[in-house]
**Q** 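Below is a structure I'd like to ask you about.
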Amino acid sequence: MLFRSKALLREKRLDLTEWASGLPAFGPEALIVQLASRPGSFRVWADLVARLDVLVADCDLQRLTDFLFLQSASAWQRAAYLLDLGGRRDDALALLDRRPNDRMPVVSFGNGPTTAWSATFRVNDRLVAPLQQQLGKA
């Protein structure tokens, strides 16, 4: 069967964009959770940091909260911190308020030599903020 119309593809739910956006494994929220819970699993931080504002602008706060629900306190803190560095401070603070555990340990982000400290999120950042400074986005 050959489809010549996007309307028909959407009607039949065969449009890849519509289909993929409905899956919980896709979207900026899932990436933020991955970055926050397992920062070492991501290799191209410099590319991402240069576009962090674009990534967090597309995040839905409720969906991000849902994805973080069973994650550690440190993942919540790092996710909120990423929102803040991406320019969504109010949402970052709201995300901290939604976490199920009030405990806020000191959390490390990366293991490089340069450090930026965030008292609000209790994050010792040796990765994202230093990269932002190098790229001129601080």
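No hydrogens, no waters, no symmetry mates; every other heavy atom, side chains included, goes into these values. A quick note: this is a predicted structure, and the numbers were derived from the prediction, not measured.
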**Q** Can you name the nearest heavy-atom pair linking Ala116 to Ala129, along with the distance?
**A** CB-CB, 3.7 Å

**Q** Can you see which heavy atom on Phe42 is nearest to which on Leu35, and at what distance?
**A** CG-CD2, 3.4 Å

**Q** Strictly under 6.0 Å, is that where the ring centroids of Trp45 and Phe109 end up?
**A** yes

**Q** If we only count heavy atoms from C-beta on, is the Leu93 to Phe121 side-chain gap below 4.5 Å?
**A** yes

**Q** Is the shortest heavy-atom distance from the side chain of Val128 to the side chain of Val123 under 4.5 Å?
**A** no

**Q** Rounded to the nearest 0.5 Å, what separates atom CG in Asn111 from atom CZ in Arg126?
**A** 8.0 Å

**Q** For Phe69, look at atom CZ and say whether over 12 heavy atoms of other residues, nucleotides or ligands are found less than 6.0 Å away.
**A** no

**Q** Do Val49 and Leu127 have side-chain heavy atoms sitting under 4.5 Å apart?
**A** no

**Q** I'd like to check the side chain to side chain contact (heavy atoms under 4.5 Å, CB included) partners of Arg38; sequence neighbours left out, ordered by chain and number.
**A** Gln34, Ser41

**Q** Run the salt-bridge test on Arg63 and Asp60 with the 4.0 Å N-O cut-off and return the result as yes or no.
**A** no

**Q** What I'd like to find out is whether the side chain of Ile32 reaches to under 4.5 Å of the side chain of Leu68, using heavy atoms alone.
**A** no

**Q** Restricting to non-hydrogen atoms, name the atom on Ala46 and the atom on Leu135 that form the minimum distance, rounded to 0.1 Å.
**A** O-CD1, 3.6 Å

**Q** May I have the step-by-step check of side chain to side chain contact (heavy atoms under 4.5 Å, CB included) for Leu61 and Arg98, ending in yes or no?
**A** CA-CA 10 Å; Leu61 191 59; Arg98 293 177 177 195; 3.7 Å; yes

**Q** Could you check if a side-chain atom of Arg122 sits within less than 4.5 angstrom of a side-chain atom of Val107, using non-hydrogen atoms only?
**A** no

**Q** Determine whether Trp117 and Asp125 make a side-chain contact, defined as any pair of heavy atoms from C-beta on separated by less than 4.5 Å.
**A** no

**Q** Between atom CG of Leu83 and atom CG of Leu64, what is the distance when rounded to the nearest 0.5 Å?
**A** 5.5 Å

**Q** Are side-chain heavy atoms of Leu96 and Met104 found at a separation under 4.5 Å?
**A** yes

**Q** Answer with yes or no whether the hydrophobic clustering places Val44 together with Val56; edges join I, L, V, M, F, W, Y residues whose side-chain heavy atoms lie under 4.5 Å apart.
**A** yes

**Q** Distance from Thr65 atom OG1 to Asp97 atom CG, nearest 0.5 Å?
**A** 10.5 Å

**Q** Looking only at heavy atoms, which two atoms of Pro39 and Ser37 are closest? And how far apart?
**A** CD-C, 3.6 Å

**Q** What distance separates Arg78 CZ from Leu82 CG, expressed to the nearest 0.5 Å?
**A** 9.5 Å

**Q** Within a 6.0 Å radius of atom CG on Asn101, are there more than 12 heavy atoms belonging to other residues, nucleotides or ligands?
**A** yes

**Q** Which heavy-atom pair separates Asp58 from Pro28 by the least distance, and what is that distance?
**A** O-CG, 3.4 Å

**Q** Can you check whether Arg103 reaches Gln77 side chain to side chain, under 4.5 Å on heavy atoms?
**A** no

**Q** Before you tell me yes or no, could you show the steps for Arg99 and Gln71 under side chain to side chain contact (heavy atoms under 4.5 Å, CB included), namely the whole-Å CA-CA distance, both residues' side-chain angles and the distance that decides it to 0.1 Å?
**A** CA-CA 10 Å; Arg99 69 190 191 284; Gln71 298 296 320; over 6 Å; no

**Q** Restricting to non-hydrogen atoms, name the atom on Leu85 and the atom on Gln132 that form the minimum distance, rounded to 0.1 Å.
**A** O-NE2, 3.4 Å

**Q** Thr120 and Ser118: side-chain hydrogen bond (donor to acceptor under 3.5 Å, both in side chains), yes or no, with the steps?
**A** CA-CA 5 Å; Thr120 303; Ser118 170; 4.8 Å; no

